[in-house]
Amino acid sequence: MWTNWSGGLQCRPTATVRPLDDSGVSGVVRRAAERGQAVRPVGAGHSFSALAVTDGVHVDLSAFRGVTAIGARSGRPTVRVRAGTTLGELHSELATRDLALEAPLELAAPTVGGALAVGMHGSGAALGSLSAAVVGLRLVDGKGRLRDVAPADLDAARTSLGALGVVLEAELAVVPAGRVRVTRAPRPVDEVLDDGFWDAHPVAEAAVFPSAPTALTRWADPLLAHDPDDDTEDAAEADEARERSLGVTVAGATGRTALGGAVVVERALPRLVPRFNRAVSRLARTVSATGPMYRVLSSPPAVRFEQTEWALPRAALAAGARELLAALADDGLEVGLPVRLRVGAPESGWLHPAHDRATGWVAVRVPRGTDHAPVLERAWRVLRDHGGRPHWASRSDWTVEDTARAYPRLPDFRRVRDDYDPERVFATPELAEVLGD
């Protein structure tokens with residue numbers, strides 16, 4: 001039995017195979033194709049969508065780990081990394097080489113292959129997702145052939161939902177490592193929704209409870225070498241430890257704010273949730289920490305939850321967020337996790353939710369063990385009306401007709417898919433729902 005991270009999705013694949021090398025993956029795909037079985041690569045299971053659900057064959061790439069080469073393209077450093085490498089492992093290996101990902105990704109558990117398949121992103125007006133860093137990919141296609149993705153096909157493959165093949169290795173553009181100062185502070189919601197907040201820092205995020213006038217924000221700024229104020233990390237860590245001991249942890253835009261207490265209140269006395277959330281917002285204090293970006297931005301979830309996240313046109317972020325917050329408050333749908341707001345640069349990937357437009361990301365989360373459907377469905381209606389495209393890793397009611405309207409390069413993606421997987425070995429009902437046959 002396979003279960004995703006939230007526990008909301010399960011399936012019984014015919015087999016779960018853990019090949020040790022490229023030829024092993026090719027053999028798995030060929031045998032499955034001969035038997036008429038679907039093949040789905042699986043990462044850490046952090047997605048909330050059913051992309052990995054199958055009664056066919058799961059391919060576990062946990063043996064495909066590590067950085068295999070350091071190189072350069074067009075004067076920029078690159079790394080080749082195997083697809084089963086977790087993001088935490090990638091961050092650590094890059095740090096030993098004084099390198100880093102340009103786009104900070106706070107979760108350590110997802111794999112490189114899984115993060116690329118769904119377009120995993122951070123938050124920064126000028127920052128793309130992990131998929132945007134891809135300069136090369138190697139995969140096994142639907143005929144079991146080992147292929148280096150042609151440059152002309154790269155924008156189809158960089159965010160492919162696993163529809164083109166089993167990605168084995170990615171070449172990623174990286175940047176020299178540096179240190180940043182991360183500040184976490186309460187700020188008025190109206191101030192946060194203004195464009196000035198998002199453009200003032202390379203990395204900026206916010207989390208907002210529908211009933212609270214104050215947002216919990218987090219931003220990062222680079223530190224210059226020998227910065228005389230580069231001495232706050234220990235103090236910040238002490239603050240975090242004190243907050244945890246009190247049961248109140250404010251981790252910027254991730255909304256890790258009194259989560260244990262919030263979930264208990266939500267389950268026992270749901271009518272008190274708005275009051276509890278407003279109190280939490282008032283208690284938030286300004287703290288800062290310095291260090292490598294991947295480390296000081298790391299925020300593992302404190303509780304498990306279900307999520308829907310949508311990519312809105314950046315210009316629609318403020319209006320969409322305001323309407324959503326009002327709808328959740330007015331309909332009595334506020335939960336113990338705040339709405340998370342982020343931004344991102346336009347993406348070239350044909351199926352990336354931020355394709356060809358500056359983007360505002362809006363994520364709504366519902367703690368596991370509570371009825372998530374009313375909250376998520378309300379969010380779908382509001383965010384769709386503001387031009388939203390759902391994140392492929394999140395829950396949504398998206399259909400193939402929606403994909404065709406929202407993604408102008410879908411015909412090009414289908415052409416590439418016909419080349420890489422003509423017999424649809426990697427197809428599942430979920431993929432058919434959003435991509436067609």
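This is a predicted model, so every value here is computed, not measured.
- Counting heavy atoms from C-beta outward, Val400 and Leu435 have side chains that stay 4.5 Å or more apart.
- Looking only at atom types and distance, the side chain of Ser129 has a donor-acceptor partner in the side chain of His352 under 3.5 Å away.
- Heavy-atom minimum distance, Ser49 versus Ser394: CB-O, 3.5 Å.
- Between Gly56 and Thr54, the shortest heavy-atom distance links the atoms N-OG1, 2.8 Å.
- A salt bridge does not link Glu106 with Arg342: every distance from a Lys NZ or Arg NE/NH1/NH2 to an Asp or Glu carboxylate oxygen is 4.0 Å or more.
- Here the shortest heavy-atom pairing between Ser131 and Gly119 reads OG-CA, 3.7 Å.
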Q) Can you check salt bridge (charged side-chain N to carboxylate O under 4.0 Å, His left out) on Asp437 and Arg414, steps first, answer last? A) CA-CA 9 Å; Asp437 295 327; Arg414 286 172 169 163; over 6 Å; no
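- Closest non-hydrogen pair, Gly320 versus Val382, comes out as O-CG1, 4.0 Å.
- Looking at Arg314 and Asp195, a side-chain N of the basic residue comes within less than 4.0 Å of a carboxylate O on the acidic one, giving a salt bridge.
- Ring orientation note: the planes of Trp2 and His58 are nearly perpendicular, at an angle over 60° on the 30°/60° scale.
- A salt bridge links Asp60 with Arg18: at least one charged nitrogen is closer than 4.0 Å to a carboxylate oxygen.
- Looking at heavy atoms from C-beta onward, Trp392 lies out of side-chain contact with Ser47 at the 4.5 angstrom threshold.
- Residues passing the side-chain hydrogen bond (donor to acceptor under 3.5 Å, both in side chains) test with Arg381: none are found, sequence neighbours excluded.
- A donor-acceptor contact shorter than 3.5 Å links the side chain of Arg73 to the backbone of Val135.
- Put simply, the side chain of Met1 does not reach to within 4.5 Å of the side chain of Cys11, judged on heavy atoms.
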Q | Trace of the side-chain contact (heavy atoms from CB on, under 4.5 Å) decision for Leu172 with Leu90 | A | CA-CA 11 Å; Leu172 305 174; Leu90 176 58; 4.1 Å; yes
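- No side-chain heavy atom of Phe413 sits under 4.5 Å from any side-chain heavy atom of Asp155.
- Within the 3.5 Å criterion, the main-chain N or O of Pro338 finds a donor-acceptor partner in the side chain of Arg365.
- Judged by the 6.0 Å distance and 45° axis criteria, Arg395 is not positioned over the aromatic ring of Phe48.
- A cation-pi arrangement is absent between Arg40 and Phe426 under the rule of less than 6.0 angstrom and at most 45 degrees off the ring axis.
- A donor-acceptor contact under 3.5 angstrom links the side chains of Glu171 and Thr78, judged on distance only.
- Side chain of Arg304 to backbone of Trp5: a donor-acceptor contact under 3.5 angstrom is found.
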Q) Would Val366 and Leu376 count as a side-chain contact (heavy atoms from CB on, under 4.5 Å) if you check the C-alpha gap in whole Å, the side-chain angles of each, and the deciding distance to 0.1 Å? A) CA-CA 8 Å; Val366 180; Leu376 299 190; 4.0 Å; yes
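- Rounded to the nearest 0.5 Å, atoms CG (Leu51) and CG (Asn4) are 11.0 Å apart.
- Nearest heavy atom pair, residue Ser281 against residue Phe209, reads OG-CD1, 3.5 Å.
- Counting only heavy atoms from C-beta outward, the side chains of Leu168 and Arg82 never approach each other to under 4.5 Å.
- A donor-acceptor pair shorter than 3.5 Å can be found between the side chains of Glu306 and Ser6.
- Between Asp141 atom CG and Leu139 atom CG the span is 7.0 Å, to the nearest 0.5 Å.
- Judged by a 6.0 Å distance limit and a 45° cone about the ring axis, Arg187 is not positioned over the six-membered ring of Phe197.
- Using a cut-off of 4.0 Å between Lys/Arg side-chain N and Asp/Glu carboxylate O, Arg405 and Asp402 are scored as salt-bridged.
- Between the side chain of Thr85 and the backbone N or O of Gly66, at least one donor-acceptor pair lies under 3.5 Å.
- With rounding to the nearest 0.5 angstrom, the CG atom of Asp55 is 12.0 Å from the CZ atom of Arg12.
- Counted by atom type alone, Thr68 and Glu169 present one or more donor-acceptor pairs between their side chains at under 3.5 Å.
- Ring centers of Trp398 and Trp310: under 6.0 Å apart, within the cut-off.
- Between Leu324 and Val364, the closest side-chain pair of non-hydrogen atoms falls below 4.5 Å.
- Thr428 and Glu430 form no side-chain donor-acceptor contact under 3.5 Å, judged by distance and modelled atom types alone.
- In summary, Arg384 and Asp397 engage in a salt bridge, as defined by a charged side-chain N under 4.0 Å from a carboxylate O.
- A salt bridge links Glu93 with Arg97: the distance from a Lys NZ or Arg NE/NH1/NH2 to an Asp or Glu carboxylate oxygen falls below 4.0 Å.
- Without hydrogens or angle criteria, Ser123 side chain to Ala204 main chain gives a donor-acceptor distance under 3.5 Å.
- Although no hydrogens or angles enter the test, the distance criterion places no donor-acceptor pair under 3.5 Å between the side chain of Arg145 and the main chain of Gly142.
- At a threshold of 4.5 Å between non-hydrogen side-chain atoms, the residues Val208 and Leu341 count as touching.
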(Q) Trp361 vs Val343, test: side-chain contact (heavy atoms from CB on, under 4.5 Å). Steps then yes/no. (A) CA-CA 6 Å; Trp361 297 95; Val343 295; 5.6 Å; no
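- The existence of a salt bridge linking Arg147 and Asp153 is excluded, since no basic side-chain nitrogen approaches an acidic carboxylate oxygen closer than 4.0 Å.
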**Q.** Derivation of the side-chain contact (heavy atoms from CB on, under 4.5 Å) call for Val362 and His386
**A.** CA-CA 11 Å; Val362 181; His386 286 271; over 6 Å; no
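- Residue Leu317 holds its CG atom at 11.0 Å from CG of Asp194, rounded to the nearest 0.5 Å.
- A tilted orientation is assigned to the rings of His121 and His391, their planes being inclined by 30° to 60°.
- Taken from CG in Leu87 to NE2 in His46, the straight-line distance is 9.5 Å, to the nearest 0.5 Å.
- In this structure, Val192 and Ala215 approach most closely via the heavy-atom pair CG2-CB, 3.9 Å.
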Q | salt bridge (charged side-chain N to carboxylate O under 4.0 Å, His left out) between Arg181 and Asp221, intermediate numbers included | A | CA-CA 5 Å; Arg181 179 181 305 282; Asp221 293 305; over 6 Å; no
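- Proximity of a side-chain donor or acceptor of Ser26 to a complementary backbone N or O of Gly144 within less than 3.5 Å is detected.
- A salt bridge is absent between Arg417 and Asp412: the closest approach of a Lys/Arg side-chain nitrogen to an acidic carboxylate oxygen does not fall below 4.0 angstrom.
- Here the CD atom belonging to Glu89 is positioned 3.0 Å from the OG1 atom belonging to Thr86, to the nearest 0.5 angstrom.
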Q: Please assess Thr403 against Arg389 for the test side-chain hydrogen bond (donor to acceptor under 3.5 Å, both in side chains), listing each intermediate value before the final yes or no.
A: CA-CA 8 Å; Thr403 306; Arg389 301 167 178 157; over 6 Å; no
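- Residues Thr290 and Val180 have side chains not in contact (no heavy-atom distance under 4.5 Å, counting atoms from C-beta outward).
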